Amino acid sequence: MDKQLKIAIFQMDILWENPAENCRKAAEWIDREAGDADLVVLPEMFATGFSMNPASIAQEMDGEVVTFMRDLAVRTGKAIITSVAIRDHIRRTEPETGYFNRLFFFTPDGVWLTYNKRHLFRMGGEHEVYVGGNSRLIVHYKGFRICPMICYDLRFPVFSRNRQDYDVLVYVACWPEPRRYAWSSLLRARAIENLAYVVGVNRCGEEPGNTYSGDSVILDYLGQPLAEAAPSEECMVSATLSLDDLEAFRRKFPAHMDADHFTLAEE
């Protein structure tokens with residue numbers, strides 16, 4: 001039987017540094033619009049916007065935002081992907097703490113998996129206030145292998161490369177409108193070169209100093225859109241992915257068998 005995964009993406013107009021209202025909005029949209037989706041994807045830093053004020057907005061791992069999203073996934077029976085500004089130990093064995101742009105994969109059984117954004121956006125000063133991660137996350141869910149990443153990671157094809165370990169590549173983002181062509185072009189490139197579905201979820205609206213057009217999309221392994229959000233409009237769209245279709249295409253066009261072999265040091 002064909003394994004299928006229905007994904008809903010929320011192109012959200014994030015309220016600046018207002019976690020309570022953004023959590024309320026996310027829950028309202030998921031309840032009203034997500035339908036029978038298995039997985040819902042929200043933009044990067046959905047609770048606050050892309051804020052470089054972590055001392056003011058960062059959450060603890062047992063804080064209100066993380067707890068709210070875990071409970072929302074359990075209540076709705078849907079997995080949820082997004083990122084949150086988090087204050088945590090830099091290394092588990094040491095007392096020093098720092099701030100992370102941390103992606104969460106919340107599951108309906110109350111468990112979450114995390115990935116710390118590796119590529120911090122230098123042009124916005126993100127590298128000066130957040131600590132970068134060093135390793136990828138692969139989640140096995142509903143028969144699919146899902147690799148979730150964050151925004152600026154999209155520009156780095158080596159880190160994003162399919163090592164034959166994922167079927168779906170997900171990017172959550174706050175990607176400004178002036179670079180929308182790069183966003184759309186790179187998403188399609190990642191789908192084509194990695195023979196994988198690609199999901200790109202960007203915010204819309206405005207925050208101090210930036211405007212966002214969204215351009216959120218779900219692409220198939222040919223880089224063709226399965227679902228597209230209307231530019232600059234807060235909305236939720238969805239598409240159903242087929243594992244049989246993906247595997248059939250990989251057998252027909254096995255470009256991955258001719259890929260260059262190398263390893264990426266993760267420091």
Side-chain angles (χ1 to χ4, degrees), residues 5 7-12 14 17-27 29-31 34 37-51 54 57-90 92 97-121 126 130-142 144-154 160 166 168-174 199-203 216 236:
L5 183 71
I7 300 179
I9 60 176
F10 182 22
Q11 183 167 285
M12 182 178 179
I14 300 170
E17 296 186 353
N18 192 335
E21 280 302 301
N22 286 315
C23 283
R24 181 200 62 76
K25 178 187 284 194
W29 274 80
I30 291 172
D31 285 339
D38 303 298
L39 171 64
V40 179
V41 188
L42 310 181
E44 175 184 20
M45 286 192 177
F46 90 99
T48 58
F50 190 58
S51 172
I57 57 97
Q59 296 275 316
E60 303 292 334
M61 286 296 286
D62 59 354
E64 293 181 358
V65 171
V66 176
T67 301
F68 182 91
M69 297 306 290
R70 178 201 63 196
D71 293 347
L72 181 62
V74 172
R75 178 176 66 77
T76 61
K78 304 178 190 306
I80 301 172
I81 298 176
T82 188
S83 85
V84 180
I86 293 289
R87 180 180 181 272
D88 200 0
H89 294 286
I90 293 178
R92 295 188 181 278
T97 61
Y99 301 110
F100 299 85
N101 185 347
R102 180 167 291 173
L103 180 143
F104 288 80
F105 190 109
F106 296 99
T107 70
D109 58 6
V111 175
W112 64 64
L113 301 166
T114 63
Y115 156 72
N116 294 323
K117 186 177 183 180
R118 176 172 172 115
H119 300 95
L120 302 177
F121 189 56
E126 188 179 15
Y130 291 95
V131 179
N134 56 20
S135 59
R136 304 197 315 186
L137 172 68
I138 305 293
V139 181
H140 292 253
Y141 187 68
K142 300 282 187 180
F144 286 74
R145 300 168 299 168
I146 302 170
C147 181
M149 296 189 178
I150 305 176
C151 202
Y152 194 40
D153 288 333
L154 176 61
S160 299
Y166 66 73
V168 186
L169 184 58
V170 177
Y171 293 96
V172 300
C174 286
V199 179
V201 184
N202 190 26
R203 68 156 297 176
S216 302
M236 183 177 285

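Bear in mind the structure is a predicted one, so any value in this text is a computation, not a measurement.
Summarising the geometry, atom OG belonging to Ser160 is positioned 6.5 Å from atom OH belonging to Tyr166; distances are rounded to the nearest 0.5 Å. The CZ atom of Phe68 lies 12.0 Å from the CZ atom of Arg70; values are rounded to the nearest 0.5 Å. Interatomic distance, CD1 of Ile90 versus OG1 of Thr97, reported as 6.5 Å (0.5 Å rounding). Note that CG of Leu169 is 8.0 Å distant from CG of Leu154, once rounded to the nearest 0.5 Å. To the nearest 0.5 angstrom, Asn22 atom CG is 10.5 Å from Glu17 atom CD. Rounded to the nearest 0.5 Å, atoms CD1 (Ile9) and CD1 (Ile81) are 11.5 Å apart.
Put simply, the side chain of Phe104 does not reach to within 4.5 Å of the side chain of Ile80, judged on heavy atoms. Side-chain contact between Tyr152 and Leu120 is absent, with no heavy-atom pair separated by less than 4.5 Å. Looking only at side-chain heavy atoms (C-beta outward), Leu39 and Lys142 stay at 4.5 Å or farther from each other. Between Met69 and Trp112, every side-chain heavy-atom pair lies at or beyond the 4.5 Å cut-off. Looking only at side-chain heavy atoms (C-beta outward), Val172 and Glu44 come within less than 4.5 Å of each other. No side-chain heavy atom of Arg136 sits under 4.5 Å from any side-chain heavy atom of Arg118. Using a 4.5 Å heavy-atom cutoff, the side chains of Val66 and Ile86 are in contact. For the pair Arg203/Met45, no side-chain contact is recorded, criterion being any heavy-atom separation below 4.5 Å from C-beta on.
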* Check against side chain to side chain contact (heavy atoms under 4.5 Å, CB included), Ile146 and Val170 -> CA-CA 7 Å; Ile146 302 170; Val170 177; 3.9 Å; yes
* Should Cys151 and Phe50 be marked as a side chain to side chain contact (heavy atoms under 4.5 Å, CB included) after you check the CA-CA gap, both sets of side-chain angles, and the distance that decides it? -> CA-CA 11 Å; Cys151 202; Phe50 190 58; over 6 Å; no
* What's the verdict on side chain to side chain contact (heavy atoms under 4.5 Å, CB included) for Cys23 and Val65, showing C-alpha distance, side-chain angles and the deciding distance? -> CA-CA 7 Å; Cys23 283; Val65 171; 4.1 Å; yes
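The aromatic rings of Trp29 and Phe10 sit parallel to each other, their planes meeting at less than 30°, with 60° as the upper class boundary.
A donor-acceptor pair shorter than 3.5 Å cannot be found between the side chains of Thr114 and Arg102.
Residue-environment remark: CD (Glu64) stays at or below the threshold of 12 foreign heavy atoms within 6.0 Å.
Shown here are the salt bridge (Lys or Arg N to Asp or Glu O under 4.0 Å) partners of Asp71, two or more places apart in sequence or in another chain: there are none. In this view, Tyr141 and Phe105 satisfy the ring pair (Phe, Tyr, Trp, His ring centres under 6.0 Å) rule, not counting sequence neighbours.
Taking all atoms of both residues into account, the shortest heavy-atom contact from Ala8 to Ala37 is CB-CB, 3.8 Å. The two residues Met149 and Cys147 have their closest heavy-atom pair at CE-SG, 3.7 Å. Heavy-atom minimum distance, Ser51 versus Tyr130: O-OH, 2.7 Å. Between Asp109 and Val74, the closest heavy-atom pair is C-CG2, 4.2 Å. In this structure, Arg75 and Ala27 approach most closely via the heavy-atom pair NH2-CB, 4.4 Å. Closest non-hydrogen pair, Ile30 versus Lys78, comes out as CG2-CD, 4.2 Å.
Of the possible donor and acceptor atoms, one in the side chain of Asp153 sits under 3.5 Å from a partner among the backbone N and O of His119.
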